[in-house]
Amino acid sequence: MGDVRISGRPTLQRKAAPAVAAACFSEGSNAATVRVEPGEDARALLPQLEQIERIEISFPVWTDGRGYSSARILREAGFEGDIVAVGDIAPDMIGHLQRCGFDAFDANKPIDPETVKATLERWDNVYQATVVDGRQAIWAKRHPA
C-alpha cells in the first residue's frame with residue numbers, strides 16, 4: 001500500500017530499502033532499514049541506531065500492542081530516523097502510534113486520509129506524558145506542582 005505519514009517530522013527523501021530482520025541485523029550489517037517483529041527486543045538495536053535510517057515495527061494483529069513499546073524505547077534512546085508501523089493497523093491506533101513515536105504506517109487495508117486527519121485532531125489532552133510529543137498529561141495540568 002505505501003506509507004501514510006502521521007507525524008510532522010521531516011522524513012527521509014529516498015525510497016526505503018528492503019528491511020532486514022532485527023534478529024539478522026548486526027554491527028557488520030550495511031542495512032539501512034530494520035524490521036522488528038513482536039517479541040523481539042528493540043533495545044538490541046540501540047548500539048547501532050546511528051547506522052539505521054528506518055525501522056519498521058510489525059503489527060500482525062491490531063490487538064498486539066508490543067510494537068508501541070518498541071517505538072517508544074527507540075525514540076527515548078534518541079533514534080531520529082523513520083519508525084513505521086506495518087501490518088494490521090486500525091484507525092483507533094493512529095493517535096497512539098503518533099504518541100509513541102511512529103512517523104508513518106503501512107496498513108494491510110487502506111485507511112481514508114480524512115479518517116487519519118480526524119483521528120489525529122480528535123483529542124487535545126492526553127493521560128500519559130511522553131518525551132515523543134512533549135504534551136503535558138492532563139493530570140499534571142489539573143494539579144500543577
Side-chain angles (χ1 to χ4, degrees), residues 1-140:
M1 182 179 143
D3 296 351
V4 175
R5 303 300 303 170
I6 58 175
S7 80
R9 284 176 10 93
T11 184
L12 301 173
Q13 296 301 312
R14 60 189 164 114
K15 185 169 171 47
V20 172
C24 299
F25 186 77
S26 67
E27 287 183 39
S29 176
N30 65 353
T33 303
V34 178
R35 175 91 172 237
V36 177
E37 296 293 338
E40 292 183 324
D41 191 348
R43 292 174 291 198
L45 299 174
L46 298 184
Q48 293 89 25
L49 285 184
E50 289 188 13
Q51 74 185 72
I52 302 170
E53 295 177 357
R54 173 185 168 110
I55 298 175
E56 297 176 354
I57 299 178
S58 178
F59 286 83
V61 293
W62 68 270
T63 56
D64 187 341
R66 292 177 284 182
Y68 296 113
S69 298
S70 294
R72 188 163 176 174
I73 287 166
L74 294 164
R75 285 292 181 226
E76 289 179 352
F79 181 66
E80 295 181 4
D82 275 353
I83 300 179
V84 180
V86 178
D88 192 18
I89 309 301
D92 290 351
M93 298 169 65
I94 297 169
H96 301 297
L97 293 171
Q98 182 186 46
R99 300 243 25 253
C100 291
F102 285 90
D103 298 295
F105 64 87
D106 187 354
N108 291 342
K109 297 177 186 170
I111 299 175
D112 179 57
E114 287 302 313
T115 301
V116 174
K117 184 176 185 287
T119 300
L120 294 173
E121 294 173 351
R122 183 168 296 136
W123 310 110
D124 292 333
N125 295 303
V126 295
Y127 289 102
Q128 302 88 10
T130 176
V131 299
V132 175
D133 69 4
R135 291 195 283 174
Q136 186 179 30
I138 187 115
W139 57 264

**Item:** Non-hydrogen atoms of Gln48 and Phe25 that approach each other most closely
**Value:** CB-CE2, 3.6 Å
**Prompt:** Within the side chain of Thr119, is there an N or O that forms a donor-acceptor pair under 3.5 Å with the backbone of Thr115?
**Reply:** yes
**Fill in**
Of all heavy-atom pairs linking Pro60 and Asp88, the shortest is O-CB, 3.6 Å
**Request:** Measure the CD1-SG distance between Ile83 and Cys100 for me, rounded to the nearest 0.5 Å.
**Result:** 9.5 Å
**Message:** Is the shortest side-chain heavy-atom distance between Leu45 and Ile55 below 4.5 Å?
**Reply:** yes
**Message:** Please check this pair: side chain of Glu121 against backbone of Ala118, looking for a donor-acceptor N/O pair closer than 3.5 Å.
**Reply:** no
**Donor-acceptor pair, side chain of Arg75 and main chain of Gly101, under 3.5 angstrom** = yes
**Request:** Give, for atom CZ of Arg99 and atom CG of Leu97, the distance between the pair rounded to the nearest 0.5 Å.
**Result:** 12.0 Å
**Asked** Is there side-chain contact between Ile57 and Glu37, with at least one heavy-atom pair below 4.5 Å?
**Response** no
**Asked** What is the distance from atom CZ of Phe79 to atom CD of Glu50, rounded to the nearest 0.5 Å?
**Response** 11.0 Å
**Asked** Do you know which two heavy atoms are closest between Trp62 and Met93, and how far apart they sit?
**Response** CB-SD, 3.7 Å
**Request:** Can you see which heavy atom on Phe102 is nearest to which on Ala71, and at what distance?
**Result:** CE1-CB, 3.3 Å
**Asked** With Ala77, which residues qualify under side-chain contact (heavy atoms from CB on, under 4.5 Å), at least two apart?
**Response** Leu46, Leu49
**Item:** Contact summary for Ile89 and Asp106, nearest pair of heavy atoms
**Value:** CG1-O, 4.5 Å
**Request:** Drop me the distance from Asp103's CG to Asp82's CG, to the nearest 0.5 angstrom.
**Result:** 4.5 Å
**Request:** Grab the two heavy atoms, one from Ala42 and one from Leu74, that are nearest each other, plus how far apart they are.
**Result:** O-CD2, 3.9 Å
**Item:** Sub-4.5 Å side-chain heavy-atom contact between Glu56 and Thr33
**Value:** yes
**Prompt:** Hey, what do you get for CZ (Arg35) to CD (Glu40), rounding to the nearest 0.5 Å?
**Reply:** 10.0 Å
**Asked** Within the side chain of Asp64, is there an N or O that forms a donor-acceptor pair under 3.5 Å with the backbone of Arg66?
**Response** yes
